[in-house]
Amino acid sequence: DICIQLYPMCIPRQLIQFAGTCPVHGRGRLERNDAMFIGMPNRTESRNAKLNLRNRVFQSLEQDILNGKYPSGTNLTEKDLCEEFGVSRTPLREALCQLELEGLVECIPNKGAVVLGISEQDVNDIYTIKLTLDGLAARLAAERITPEELTDLEETVNLTEFYVNKDDINKVLELDSRFHDIICRAGKNRPLRSMMSNFHNFLKMARHKSLNNPGRPTLMLEEHRKLLAAIASGDAELASHLAVDHTNRVFHNLQRLTDA
């Protein structure tokens with residue numbers, strides 16, 4: 001028998017046949033395709049790894065911007081970010097380009113990327129759109145929700161009550177996101193769910209600010225319970241009205257806090 005050590009390189013064509021056992025398939029001879037690709041990196045896997053790396057950097061930077069770690073006007077230095085994430089400049093620059101497409105940064109020649117973030121006007125504009133979309137999402141949910149989704153919605157509201165009583169705002173914020181995501185999912189409208197998910201993400205800081213207002217978590221819970229009841233009863237008109245009213249209350253609460 002011939003003992004062969006495989007290195008991460010293509011086996012020469014001259015060695016495509018030999019006596020012994022194929023270490024890949026256990027056959028007596030290596031086939032041409034075996035010899036060509038044993039030990040070679042898979043191009044698809046390599047490409048996916050690069051995409052995952054870029055997405056990891058993008059998602060981390062996006063959350064840092066939305067959470068206020070990098071406020072508006074911050075200059076994002078490539079060297080510092082490469083060291084922070086342990087990546088080369090290529091995936092970082094791809095991530096910054098994606099952030100620019102989302103309007104969160106501006107890439108300026110000879111200066112780099114500058115954080116734009118989410119302005120007060122952005123928040124106002126998003127809530128203007130959400131007033132319509134939230135009503136539509138609730139209407140569709142009341143018409144199309146499944147028993148399983150309704151159970152998930154009920155459990156989410158019950159969990160919200162638990163964490164409201166514990167005054168755990170971060171957990172309440174997480175459950176608020178889940179509540180609205182279930183409603184969007186129940187409406188079986190993928191474009192609507194995608195838009196709502198992006199808006200909810202962009203408004204994370206604003207929502208956190210709103211929930212930190214004394215008494216607001218309890219009021220939010222009451223609003224969620226009413227909306228849950230309307231969806232459970234299949235009353236699309238009432239569900240839509242309650243969803244719009246809920247979004248309006250959040251918006252006006254934010255405006256009061258901003259003006260204070």
Side-chain angles (χ1 to χ4, degrees), residues 62-69 71-72 117-139 141-142 145 149-150 152-187 192-193 195-233 235 237-260:
E62 181 188 47
Q63 291 309 308
D64 286 344
I65 292 171
L66 295 176
N67 291 334
K69 178 180 177 180
S72 179
I118 300 295
S119 68
E120 182 181 334
Q121 186 59 51
D122 290 331
V123 172
N124 292 342
D125 291 341
I126 290 173
Y127 268 107
T128 299
I129 300 170
K130 264 177 63 64
L131 284 170
T132 298
L133 296 185
D134 281 342
L136 175 61
R139 177 185 298 277
I145 196 167
E149 290 166 338
L150 185 58
D152 287 345
L153 202 60
E154 291 169 344
E155 290 176 351
T156 299
V157 171
N158 291 334
L159 275 173
T160 301
E161 181 176 15
F162 175 79
Y163 284 106
V164 165
N165 292 333
K166 289 177 66 70
D167 199 28
D168 189 335
I169 298 301
N170 288 330
K171 197 65 180 180
V172 171
L173 182 65
E174 176 186 325
L175 289 166
D176 176 55
S177 295
R178 185 192 301 179
F179 178 82
H180 289 285
D181 183 62
I182 293 171
I183 290 175
C184 283
R185 188 170 71 243
L192 176 62
R193 187 182 179 190
M195 285 188 288
M196 294 295 289
S197 177
N198 285 334
F199 285 158
H200 224 62
N201 193 31
F202 286 169
L203 293 172
K204 183 174 293 185
M205 276 190 66
R207 289 166 47 232
H208 193 280
K209 182 179 180 181
S210 175
L211 284 172
N212 271 298
N213 193 30
R216 179 57 201 161
T218 301
L219 291 174
M220 182 206 73
L221 177 62
E222 293 176 4
E223 292 160 16
H224 280 193
R225 285 205 176 280
K226 290 179 181 178
L227 181 53
L228 167 63
I231 291 174
S233 67
D235 192 333
E237 190 66 33
L238 178 59
S240 177
H241 171 77
L242 290 172
V244 172
D245 182 66
H246 170 62
T247 301
N248 246 327
R249 288 172 183 269
V250 176
F251 185 31
H252 290 316
N253 184 51
L254 280 170
Q255 288 181 317
R256 284 196 300 270
L257 291 173
T258 301
D259 295 338

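Just so it is clear, the structure is predicted and the values come from calculations on it, not from any experiment.
Residues passing the side-chain contact (heavy atoms from CB on, under 4.5 Å) test with Arg193 are Asp181, Cys184, Arg185, sequence neighbours excluded. In terms of the salt bridge (Lys or Arg N to Asp or Glu O under 4.0 Å) criterion, Asp122 has no residue partners (sequence neighbours excluded). Every ring pair (Phe, Tyr, Trp, His ring centres under 6.0 Å) that His224 has, sequence neighbours left out, goes to Phe179, His180, His246. Residues satisfying the salt bridge (Lys or Arg N to Asp or Glu O under 4.0 Å) criterion with Glu174, sequence neighbours excluded, are Lys171. Take Thr160 and apply the side-chain contact (heavy atoms from CB on, under 4.5 Å) test, not counting sequence neighbours, and it matches Thr156, Val164, Val172, Leu175, Met220, Leu221. For Glu154, there are no salt bridge (Lys or Arg N to Asp or Glu O under 4.0 Å) partners at least two apart in sequence or on another chain. Legend: residues meeting salt bridge (Lys or Arg N to Asp or Glu O under 4.0 Å) with Asp168, ordered by chain and number and at least two apart, are absent. With sequence neighbours left out, Phe199 forms a side-chain contact (heavy atoms from CB on, under 4.5 Å) with Ile126, Ile129, Lys130, Leu133. By the ring pair (Phe, Tyr, Trp, His ring centres under 6.0 Å) test, Tyr163 pairs with no residue at all, sequence neighbours left out. Judged as a side-chain hydrogen bond (donor to acceptor under 3.5 Å, both in side chains), and not counting sequence neighbours, the contacts of Ser177 are Arg207. For Gln63, the side-chain contact (heavy atoms from CB on, under 4.5 Å) partners are Leu66, Asn67, Asn201, Lys204, not counting sequence neighbours.
The structure places NE2 of His241 at 12.0 Å from CZ of Arg139, a figure rounded to the nearest 0.5 Å. To the nearest 0.5 Å, the span separating CG on Asp134 from CG on Asp245 amounts to 11.5 Å. With rounding to the nearest 0.5 Å, the separation of CG in Leu254 from CG in Asn213 is 9.0 Å. If you take NE2 on His252 and OG1 on Thr247, they are separated by 10.5 Å, rounding to the nearest 0.5 Å. Atoms OG and NE2, on Ser210 and His208 in that order, are 11.0 Å from each other to the nearest 0.5 Å. We find the CD1-CD1 distance between Ile145 and Ile182 to be 8.0 Å, quoted to the nearest 0.5 Å.
Contact annotation: the side chain of Asn253 never approaches that of Arg249 to less than 4.5 Å [non-hydrogen atoms, C-beta and beyond]. Between Asp176 and His200 there is a side-chain heavy-atom pair separated by less than 4.5 Å. Leu257 places none of its side-chain heavy atoms less than 4.5 Å from the side chain of Asn212.
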### Query
Can you list the steps and then say if Leu159 with Arg178 is a side-chain contact (heavy atoms from CB on, under 4.5 Å)?
CA-CA 11 Å; Leu159 275 173; Arg178 185 192 301 179; 3.8 Å; yes
### Check against side-chain contact (heavy atoms from CB on, under 4.5 Å), Leu203 and Val250
CA-CA 11 Å; Leu203 293 172; Val250 176; over 6 Å; no
#### Entry: Check against side-chain contact (heavy atoms from CB on, under 4.5 Å), Asn124 and Phe251
CA-CA 8 Å; Asn124 292 342; Phe251 185 31; 3.3 Å; yes
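Counted by atom type alone, Gln121 and Asp125 present one or more donor-acceptor pairs between their side chains at under 3.5 Å.
Nearest approach of Ala239 to Ile231, heavy atoms of both residues: CB-CG1, 4.0 Å. For Ile169 against Pro217, the heavy-atom pair with the smallest separation is CD1-CG, 3.8 Å. Between Ala243 and Ala138, the shortest heavy-atom distance links the atoms CB-CB, 3.5 Å.
Among pairs with a residue in residues 208-218, those fulfilling salt bridge (charged side-chain N to carboxylate O under 4.0 Å, His left out) read Arg216-Glu223, at least two apart in sequence or across chains.
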